[in-house]
Amino acid sequence: MKRFVTCSLLAVLFVAVAVFAPAQEKSEPQHKMIEFHMALLKRGPKYSASGMPKDLQSEHVANVIALLDSGKAVIAGPLGDNSDIAGVFVFRAKSAEEARTWAESDPAVKAGFFSAEMHPWWSEDVMKKPSSPIKLTTAYLALLTRGAKWTPEKTPATEELQKAHMANIIRLAEMKKLVVAGPFGDNGQLRGIFVFKVASIDEARALTETDPAVQAGRLAIDLHPWLVPEGVLP
């Protein structure tokens, strides 16, 4: 699997609002943001801890490369840990239905080895072509979720926490440590993602822990190493 997305300060400001906003408020995308569709590849009914059969793996990899070459997938890559999420696709599709069709056409999904959990996802359209030949490099994917102290209410206290959350995101982007950010568009448990380009998962974790919303328990972080093609991330 291979490839992914990036953020400017405008995008960072938007993701801060989108991941933090109360549940009853629907954030409108900024003019530079577009809707992609993210498929989280999870363990399917035929998943085996011993690994994917070689012939199925070959078909799966060939399909991923074809999706990337065609531009249907703007990034795809496996997670590098023993997570329930095995990998991630991001599709440039006309609709959620079209993206789902592409995800479910993957040989490993059709075989039941993986299942595809779909989410609308917003980002600036700043994807790059991977270097050729494709070589994978490790980034760190943080899934932002509703934390233990998440509430839908909007209060002066949550407004102040939001401002601090936004300021911290901008700081991390200016450090060029946070290179991708974007909110999910379906107002569920998953709020958004951060992608860090840093030396280790410990450094990425330390950066996520500087977020005031995470410190307050309003947001939580699910952090993973993510193998992506060289040349895609800034």
Side-chain angles (χ1 to χ4, degrees), residues 3-21 25 27-38 74-77 79-80 88 90 92 119-131 136-147 150 158-185 190-234:
R3 181 169 177 201
F4 213 92
V5 194
T6 96
C7 66
S8 73
L9 293 186
L10 177 62
V12 166
L13 283 170
F14 177 53
V15 68
V17 173
V19 301
F20 202 82
E25 295 184 0
S27 298
E28 293 296 328
Q30 300 287 344
H31 68 283
K32 289 188 178 180
M33 306 287 283
I34 67 170
E35 186 180 44
F36 296 94
H37 296 275
M38 185 178 294
V74 298
I75 190 167
L79 300 190
V88 178
V90 178
R92 185 194 302 275
H119 298 276
W121 180 73
W122 290 87
S123 175
E124 286 191 295
D125 191 4
V126 290
M127 300 72 165
K128 299 178 182 179
K129 287 284 187 181
S131 302
L136 298 182
T137 186
T138 301
Y140 297 94
L141 172 66
L143 297 169
L144 282 70
T145 67
R146 292 182 179 181
W150 171 273
T158 62
E159 286 291 285
E160 286 303 311
L161 190 56
Q162 179 181 355
K163 291 177 183 177
H165 169 71
M166 292 170 66
N168 192 66
I169 291 175
I170 293 170
R171 180 182 67 87
L172 295 177
E174 289 177 339
M175 293 169 61
K176 302 189 184 302
K177 304 277 189 178
L178 176 62
V179 295
V180 176
F184 290 107
L190 290 171
R191 309 306 297 165
I193 72 166
F194 292 155
V195 177
F196 294 99
K197 191 159 85 171
V198 293
S200 69
I201 196 168
D202 290 336
E203 183 178 1
R205 184 175 292 109
L207 292 172
T208 66
E209 291 172 354
T210 66
D211 190 309
V214 174
Q215 293 172 356
R218 188 165 173 81
L219 293 177
I221 297 290
D222 183 17
L223 185 64
H224 305 274
W226 191 23
L227 302 177
V228 298
E230 290 182 354
V232 174
L233 298 177

- Message: Under the rule for ring-ring contact (aromatic ring centres under 6.0 Å, His included), what residues qualify as partners of His224, not counting sequence neighbours?
- Response: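 Per chain and number, His224 pairs via ring-ring contact (aromatic ring centres under 6.0 Å, His included) with no residue.
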
Measure the shortest side-chain to side-chain distance between [X] and [Y] over non-hydrogen atoms and say whether it is less than 4.5 angstrom.
X	Y	result
Thr145	Leu219	no
Leu136	Pro229	yes
Phe36	Arg92	yes
Ile170	Glu174	yes

Quick check for you: to the nearest 0.5 Å, what is the distance between [X] atom [atom1] and [Y] atom [atom2]?
X	Y	atom1	atom2	value
Leu79	Thr138	CG	OG1	11.0 Å
His37	Trp122	NE2	CH2	8.5 Å
Thr158	Glu160	OG1	CD	9.5 Å
Trp121	Ile34	CH2	CD1	9.5 Å
Glu203	Lys177	CD	NZ	4.0 Å
Leu144	Leu190	CG	CG	9.5 Å

- So Thr208 and Val214, side chain to side chain contact (heavy atoms under 4.5 Å, CB included) or not? Walk me through it. CA-CA 7 Å; Thr208 66; Val214 174; 5.5 Å; no

- For Asp222, enumerate each residue passing the salt bridge (charged side-chain N to carboxylate O under 4.0 Å, His left out) test, keeping only those at least two apart in sequence or located in another chain.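 Applying salt bridge (charged side-chain N to carboxylate O under 4.0 Å, His left out) to Asp222 gives none.
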
- Please list, chain by chain and in numerical order, all residues satisfying salt bridge (charged side-chain N to carboxylate O under 4.0 Å, His left out) with Arg171, sequence neighbours excluded.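 Once residues adjacent in sequence are excluded, Arg171 has no partner under the salt bridge (charged side-chain N to carboxylate O under 4.0 Å, His left out) criterion.
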
Shortest non-hydrogen contact between [X] and [Y], atoms and distance:
X	Y	result
Lys128	Gly231	CB-O, 3.5 Å
Ser123	Ala181	OG-O, 4.3 Å
Tyr140	Pro225	CD2-CA, 3.7 Å
Pro212	Leu161	O-CD1, 3.5 Å
Leu178	Phe194	CD1-CB, 3.5 Å

- Glu209 side chain to Gln215 main-chain N or O, any donor-acceptor pair under 3.5 Å?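 Judged by distance alone, no pair lies under 3.5 Å.
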
